[in-house]
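What follows is one structure encoded as structure tokens, with my remarks underneath.
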Amino acid sequence: MPSESRSPSQSSLAPHSGFRPLPASLFAAKALDASPRLLGQTLVRRSEIGVIRSRIIETESYGGIEDKGSHAYGGRRTNRTEIMFGAGGTAYVYLIYGMYHCLNVVTGEPDDPQAVLIRAVEPLTEEDERRMRMLRKIKSKKPADLSGGPGKLCRALDIDKSFNGCRLNVPTSSLYLEAGDDVDGLDIVCGPRINIDYAEEYAAKPWRFFLKDHPCVSVNDKANPPQPFYR
DNA sequence: TATGCGATCGTCT
DNA sequence: GACGATCGCATAC
């Protein structure tokens, strides 16, 4: 029986077979470049209740020490922000308002703090949705209530601070990224980032990116209708 | 459907 | 000691 003669470890590798990595250039790029490119890509969470795959719907760019909206503004290098100063490809996870976690993809070169906040995802399949619902513990069936929002998606995927520093570019991690279906550039819109009023002239920069008219988008900012974005 | 507000704690000053 | 890269509930219309 040829199939039985394979290494026992083969079975544990099965979930990774067919892994489609994102290009290294995406992780090495500036956050402003990586943000729209992350839309449509697949976020994979290998959780205790099973593998959950989701599609990235909305992102925000936080780039460089000059960005007054960034935790690393002015080169602030603390225990919390340290991971952003490393090479791209890792996760930056922090606690906000004392009760919610936010997931960022660190990008760029070492010593240049670049991060992309993941603001919304959608489950890829009904089974993925069932697992996310189990973790969220909500009654609402509105897609945006499940995982449309940085705190919501972290609950739906059981992501907490223990994922800070997690390598997102390798399929052996319990949280990683892989290539999804291509997104038409014409479906991408942009607008100002959410809840960073303190960022002065940086508050109005159109550095939030999302898929046009998608039901999982976290906030509909009526004062700032989405603008087209062309690659 | 829209708006207002309280929860809750790690992080930095 | 102050303040969030938020969310969910209550209230109003």
Side-chain angles (χ1 to χ4, degrees), chain A residues 30-32 34-36 38-39 43 56-85 88 90-108 112-122 132-133 135-166 168 175 190-210 213 215-226:
Chain A
K30 298 278 190 182
L32 194 52
S35 268
L38 280 168
L39 297 178
L43 182 64
I56 298 175
I57 301 302
E58 178 181 348
T59 61
E60 276 179 3
S61 165
Y62 289 86
I65 62 175
E66 66 281 351
D67 180 0
K68 292 182 180 175
S70 171
H71 291 165
Y73 169 60
R76 271 176 37 205
R77 193 163 180 162
T78 64
N79 281 340
R80 183 174 67 147
T81 64
E82 184 60 30
I83 196 69
M84 279 201 281
F85 288 82
T90 62
Y92 168 42
V93 181
Y94 64 91
L95 184 69
I96 187 67
Y97 300 113
M99 56 180 88
Y100 299 107
H101 294 277
C102 291
L103 169 67
N104 293 251
V105 178
V106 174
T107 68
D112 180 12
Q114 304 276 329
V116 177
L117 172 66
I118 308 300
R119 287 195 57 91
V121 300
E122 69 171 348
M132 288 166 69
R133 244 173 233 301
L135 293 167
R136 278 284 280 140
K137 302 178 179 74
I138 54 163
K139 293 174 185 171
S140 168
K141 291 187 176 176
K142 282 176 57 182
D145 289 338
L146 180 63
S147 52
K152 294 177 195 173
L153 76 87
C154 281
R155 284 212 172 153
L157 298 177
D158 192 24
I159 293 169
D160 60 23
K161 268 193 65 182
S162 70
F163 286 83
N164 192 50
C166 176
L168 299 175
L175 181 68
C190 62
R193 295 172 292 179
I194 302 301
N195 281 342
I196 54 159
D197 296 342
Y198 55 84
E200 301 176 4
E201 74 271 27
Y202 282 83
K205 303 276 188 190
W207 290 350
R208 172 188 180 218
F209 303 90
F210 51 100
D213 298 326
C216 288
V217 167
S218 64
V219 174
N220 287 307
D221 183 355
K222 283 188 294 188
N224 299 285

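Residue numbering restarts at 1 for every chain, and letters A, B, ... go by the order of the sequence lines.
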Distances for protein N/O vs nucleotides 2-8 of chain B N/O pairs under 3.5 angstrom?
| residue | atom | partner | partner atom | Å |
| --- | --- | --- | --- | --- |
| B:dT8 | O2 | A:Y97 | O | 2.5 |

Close N/O contacts between protein and nucleotides 11-13 of chain C (under 3.5 Å):
none

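Counting to the nearest Å, the P atom of C:dG4 and the OH atom of A:Y198 are 7 Å from each other. Here the C1' atom of nucleotide C:dG4 and the CZ atom of A:R76 are 11 Å apart, to the nearest Å. In this structure, A:D197 atom CG and C:dG4 atom P are separated by 9 Å, rounded to whole Å. The distance from atom CG of A:D67 to atom P of C:dA5 is 11 Å, rounded to the nearest whole Å. Rounding to whole angstrom units, NE2 of residue A:H101 and P of B:dC9 are separated by 11 Å. Spacing between atom CD1 of A:I138 and atom P of C:dC7 amounts to 11 Å, rounded to whole angstrom units. For the pair A:R193 CZ and C:dT6 P, the interatomic distance rounds to 12 Å; values are reported in whole Å.
Taking the charged nitrogens against the carboxylate oxygens, A:K30 and A:D112 do have a contact shorter than 4.0 Å, which makes a salt bridge.
Considering only heavy atoms from C-beta on, A:Y100 stays 4.5 Å or farther from A:C154 through its side chain. Residues A:L175 and A:L168 form a side-chain contact, since some pair of their non-hydrogen atoms from C-beta on lies under 4.5 Å apart. Side-chain atoms of A:F209 and A:L32, non-hydrogen and from C-beta on, do get closer than 4.5 Å to each other. Here the side chains of A:S218 and A:R208 are in contact, with some heavy-atom distance below 4.5 Å. You'll find the side chain of A:V219 stays beyond 4.5 Å of the side chain of A:E58, heavy atoms only.
Rounded to the nearest 0.5 angstrom, A:E60 CD and A:S70 OG are separated by 12.0 Å.
The side chain of A:K139 contributes no N or O atom lying less than 4.0 Å from OP1 or OP2 of C:dC9. Side-chain nitrogen and oxygen atoms of A:N195 include none within less than 4.0 Å of the OP1 or OP2 phosphate oxygen of C:dA5. The shortest distance between the side-chain N/O atoms of A:R155 and the OP1/OP2 oxygens of C:dT6 is not below 4.0 Å. Between A:R80 and B:dT13 there is no side-chain polar atom (N or O) within less than 4.0 angstrom of OP1 or OP2.
Scored by the side-chain hydrogen bond (donor to acceptor under 3.5 Å, both in side chains) test, A:H71 finds A:Y92 as partners (sequence neighbours excluded). For A:P206, the side-chain contact (heavy atoms from CB on, under 4.5 Å) partners at least two apart in sequence or on another chain are A:C190, A:Q227.
The nearest pair of heavy atoms linking A:I196 to A:A203 is O-CB, 3.5 Å.
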| note | For DNA chain C, the expected dot-bracket line (Watson-Crick or G-U under 3.5 Å, [ ] crossing, | inter-strand) is ||||.|||||||.
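With hydrogens and angles ignored, the 3.5 Å screen pairs a side-chain donor or acceptor of A:R136 with a backbone N or O of A:D145.
When each of A:R136 and A:I196 is assigned the nucleotide of DNA chain C with its nearest heavy atom, A:I196 is the one assigned upstream, toward the 5' end.
Taking the 5.5 Å centre cut-off and the 30° plane limit, the aromatic side chain of A:Y62 is classed as stacked on C:dA5.
Using a 4.0 Å heavy-atom cutoff across all strands shown, A:L95 reaches sugar-phosphate atoms only and no base atom.
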| task | Could you check A:Y198 against A:K68 for side-chain contact (heavy atoms from CB on, under 4.5 Å), going step by step and ending with a plain yes or no? | result | CA-CA 8 Å; A:Y198 55 84; A:K68 292 182 180 175; over 6 Å; no
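Both cation-pi conditions hold for A:R193 and A:Y62: the charged atom is under 6.0 angstrom from the six-membered ring centre and inside a 45 degree cone around its axis.
Near DNA chain C, meaning a heavy atom under 4.0 Å away, the residues from residues 140-153 of chain A are A:G149, A:P150, A:G151, A:K152.
For the side chain to side chain contact (heavy atoms under 4.5 Å, CB included) test with A:S35, the passing option among A:L117, A:V116, A:V105 is A:V116; the others fail.
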